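All remarks here apply to the structure that follows.
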Amino acid sequence: SHAQTGPGGVGNSSTNRLWLKADTGVFRDAGITPASNGNSVRRWNDFSGNNNHANQATETYKPVFRTGIINNEPALEFNGTKFIDPASLGIPGTGGFSYLIVFKVNPGYDAGSINSSNGDFIIDRYPETDELASLKIVNSNRYGFQKRTDWGSGLGGPISVNPVNTSAFTLLGYMRERGVAYRLFVNGAQESNLGDSDGNITPPSPRIGRHYDEPNNGLNGYISEFLIYNYRLNNAQLIIINSYLAAKYGLTISNDKYSYDATHKNEVAGIGRESISHQHTDATSGNILNISNPSSLDDGDYLLYGHNKGSVNYWTDSESPSSSLVRLQREWRMDKTGEVGTVTLKFNSVLLPVPPAASSGKYYLLVDTDGDFSTGAAEYELTLNGGYYQRDGVSINDGDHITLALRRGPSAIISPDPAVICTGGSINLNGNPSGGSGVYVTHSWTGNTTPLSSTSVPDPVFSTNSEGSYN
């Protein structure tokens, strides 16, 4: 399986320790009934692969599920007292970590100081621990990353430059690079950093939406997505994840590398490089399409891609370049910054729909400039490799549309009716079979009869997995 399947195609279950997103996996009970608009939330599923689901069993404290809150996406609503808790993150205190959150603060918040438990907490911990990796409102109207070591020392943290925004959602990231710095980012821009000479900080189980025991010291507002990694994301990875979140929620951020939000905002992923130490070269979108192995990735080069939310559950002949091809409804749009060279594209065979009954078994990558695959689309035959249909050395242009296609297999009805076919017998194939090509004429059969569905029943079907003309 591909190593990079997390948000934006960054990380996997070993590094992406928590991934909560309000557009899926939100339940009004313990994981059976999806929440509807206005329902209290009992469970919020984790998509990191760690099954670290967040739960709230007490009715009074349950956040509320709201639809259409930001860019037609849902969010969980908090009122200062409500909260929801995932379990332990499993991140050791000897290294770094990264938190990213998309949220909104309503007017009327309370601010504390970076060194106190006063003020509204967006993220805190439970149960009470010395170690802290919290996010709160401080200094009248600023965001603060409150940290403290496992032994209760080093209380403090970086504080944002720009004030709390109560009119729009904010994308905020905070992280520790052990022995170097604590950093705080607001809407893609680093606003503050603080040198790190502290000891171990083991990120505690996060309390989402409130201080661990102060019933009114919590967020009055919304949370749409929350991510935690067990290391300091490099700069390219941070840019890619931020671009994924900005596309999904319609946010304006610094260093946004994806511009097709209006039509292909879904599950944006990508590769890119800021420097030799800050690069990302393997990314998967929606567990289906992977891009990797850029042949020429230099500083400032990126290739990001998102999709139109088309179905991957069945094949369609809509906008197909040929009557012999069916394709996925899902289309991806490519946004290229600089020049990444050629890349490898892979499609996860496990998640593809069942092939049509008459299938050649041959899969194709379709690349098109205008999104109408019926004309002008380039076709690249794929090979099956380790459960993925793959093509190496593909050149992608900025703005290209891509999808996956499957070629139908040729088939024909045999006459006369009924027919008994024996070795050396004659079979008449009438005209052009559905999905095939070439002129079919009387054939003296002297070879293997296995392409026939039967050799002893009326109207047997001739089929083959091999392309070509049969006469």
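Please read all numbers here as calculations on a predicted model, not as lab measurements. Numbers here are sequence positions counted from 1.
- The one candidate from Leu345, Asn397, Ile402 that meets the side-chain contact (heavy atoms from CB on, under 4.5 Å) condition with Val367 is Ile402.
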Pair His307-Ser285, side chain to side chain contact (heavy atoms under 4.5 Å, CB included): steps then yes or no = CA-CA 9 Å; His307 67 76; Ser285 168; 4.1 Å; yes
Verdict with supporting geometry, His211 and Asp213, side-chain hydrogen bond (donor to acceptor under 3.5 Å, both in side chains) = CA-CA 6 Å; His211 186 267; Asp213 72 345; 3.1 Å; yes
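- Under a cutoff of 6.0 Å and an axis angle of 45°, Arg407 and Tyr364 form a cation-pi pair.
- The CG atom of Asn266 sits 10.5 Å away from atom CG of Asp261, with the distance rounded to the nearest 0.5 Å.
- In terms of heavy-atom proximity, Glu177 sits nearest to Asp196 at O-OD2, 3.6 Å.
- Remark: the backbone N or O of Glu77 is not paired with any side-chain donor or acceptor of Lys82 at under 3.5 angstrom.
- Scanning for salt bridge (Lys or Arg N to Asp or Glu O under 4.0 Å) contacts around Asp298 gives an empty result, with sequence neighbours left out.
- Judged as a salt bridge (Lys or Arg N to Asp or Glu O under 4.0 Å), the pairs with a partner in residues 21-32 (not counting sequence neighbours) are, in order, Asp23-Lys248.
- Between Lys257 atom NZ and Ile239 atom CD1 the span is 6.0 Å, to the nearest 0.5 Å.
- Judged by a 6.0 Å distance limit and a 45° cone about the ring axis, Arg391 is not positioned over the six-membered ring of Tyr380.
- The shortest non-hydrogen separation linking Pro158 to Ser192 is CB-OG, 3.2 Å.
- Atoms CG and OG1, from Asn165 and Thr170 in turn, are 5.0 Å apart once rounded to the nearest 0.5 Å.
- Looking at His53, its side chain never comes within 3.5 Å of a backbone N or O of Trp44 through a donor-acceptor pair.
- A donor-acceptor contact closer than 3.5 angstrom links the side chains of Ser374 and Asp372.
- Within the 4.5 Å cutoff, no side-chain heavy atoms of Ile84 are placed close to those of Leu20.
- For Ser134, the side chain to side chain donor-acceptor pair (under 3.5 Å) partners two or more places apart in sequence, or in a different chain, are Asp124.
- Side-chain atoms of Asn290 come within 3.5 Å of backbone N or O of Ala283 as a donor-acceptor pair.
- Atom CZ of residue Phe347 and atom CG of residue Leu365 lie 5.0 Å apart, to the nearest 0.5 angstrom.
- At least one side-chain heavy atom of Leu89 sits under 4.5 Å from a side-chain heavy atom of Pro206.
- For the 3.5 Å distance criterion, the side chains of Asn55 and Arg42 qualify, holding a donor opposite an acceptor.
- Scanning for side chain to side chain donor-acceptor pair (under 3.5 Å) contacts around Glu59 gives Ser40, Lys62, with sequence neighbours left out.
- Checked by atom type and distance alone, the side chain of Asn348 pairs as donor or acceptor with a backbone atom of Val350 at under 3.5 Å.
- For the pair Asn187 and Leu171, the minimum side-chain heavy-atom distance is below 4.5 Å.
- Met175 contributes atom CE, which lies 12.5 Å from atom CD1 of Ile228 (distance to the nearest 0.5 angstrom).
- Between Lys265 and Asn71 the shortest side-chain heavy-atom distance falls below 4.5 Å.
- Of the residues listed (Asn255, Leu100, Val10), the one engaging Leu238 in a side-chain contact (heavy atoms from CB on, under 4.5 Å) is Leu100, and it is the only one.
- A donor-acceptor distance shorter than 3.5 angstrom exists from the side chain of Asn217 to the backbone of Ser117, with no hydrogens or angles considered.
- Judged by distance alone, the side chain of Thr284 and the main-chain N or O of Ile291 form no donor-acceptor pair under 3.5 Å.
- Remark: of the listed residues Phe185, Tyr99, Tyr229, Tyr99 is the sole one forming a ring pair (Phe, Tyr, Trp, His ring centres under 6.0 Å) with Tyr174.
- Side-chain atoms of Asp335 come within 3.5 Å of backbone N or O of Ser259 as a donor-acceptor pair.
- Side-chain contact of Ser275 with Asp299: a donor-acceptor pair under 3.5 Å is absent, judged by distance alone.
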Take Leu382 and Leu404 through the side chain to side chain contact (heavy atoms under 4.5 Å, CB included) test and state the conclusion after the steps.
-> CA-CA 10 Å; Leu382 306 177; Leu404 178 69; 3.4 Å; yes
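- Here the side chains of Lys147 and Leu194 are in contact, with some heavy-atom distance below 4.5 Å.
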Apply side chain to side chain contact (heavy atoms under 4.5 Å, CB included) to the pair Phe121 and Leu219, showing each step before the final yes or no.
-> CA-CA 6 Å; Phe121 281 75; Leu219 169 67; over 6 Å; no
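- Lys336 places a side-chain N or O within 3.5 Å of a backbone atom of Ile396 that can act as its donor or acceptor partner.
- Contact between Ala133 and Ile123 at its shortest, heavy atoms only, is O-CG2, 4.3 Å.
- Counting all heavy atoms, side chain and backbone alike, Pro294 lies closest to Thr281 at CD-O, 3.8 Å.
- For the pair Tyr212 and Arg125, the minimum side-chain heavy-atom distance is below 4.5 Å.
- Using a 3.5 Å distance cut-off with no hydrogens or angles, the side chains of Tyr302 and Glu274 do pair a donor with an acceptor.
- Considering every non-hydrogen atom in both Thr202 and Glu131, the closest pair reads O-CG, 3.1 Å.
- A salt bridge links Arg330 to Glu267: at least one charged side-chain nitrogen sits closer than 4.0 Å to a carboxylate oxygen.
- Remark: of the listed residues Phe226, Tyr109, Tyr143, Tyr249, Tyr143 is the sole one forming a ring pair (Phe, Tyr, Trp, His ring centres under 6.0 Å) with Phe103.
- By the 30° and 60° cut-offs, the orientation of the rings of Trp315 relative to Tyr363 is tilted.
- Checked against side-chain contact (heavy atoms from CB on, under 4.5 Å), Ser116 has the following partners two or more places apart in sequence or in another chain: Ser113, Asn118, Lys136.
- Contact of the Ile70 side chain with the Leu251 side chain is registered, since non-hydrogen atoms from C-beta on lie closer than 4.5 Å.
- The shortest distance between side-chain heavy atoms of Arg17 and Asn50 falls below 4.5 Å.
- No donor-acceptor distance shorter than 3.5 angstrom exists from the side chain of Arg176 to the backbone of Ala181, with no hydrogens or angles considered.
- A pairwise comparison of heavy atoms in Ile201 and Pro203 identifies O-CD, 3.2 Å as the closest pair.
- For the atom pair CG (Leu366) and CG (Leu325), the distance works out to 6.5 Å, reported to the nearest 0.5 Å.
- Within the 3.5 Å criterion, the main-chain N or O of Ile276 finds a donor-acceptor partner in the side chain of Gln279.
- Tyr61 meets the ring pair (Phe, Tyr, Trp, His ring centres under 6.0 Å) test with Phe83; sequence neighbours excluded.
- For the residue pair Asp198 / Thr149, no side-chain donor-acceptor distance below 3.5 Å is found, with atom types taken as modelled.
- With 3.5 Å as the limit, one finds a donor-acceptor pair spanning the side chains of Asn220 and Asn106.
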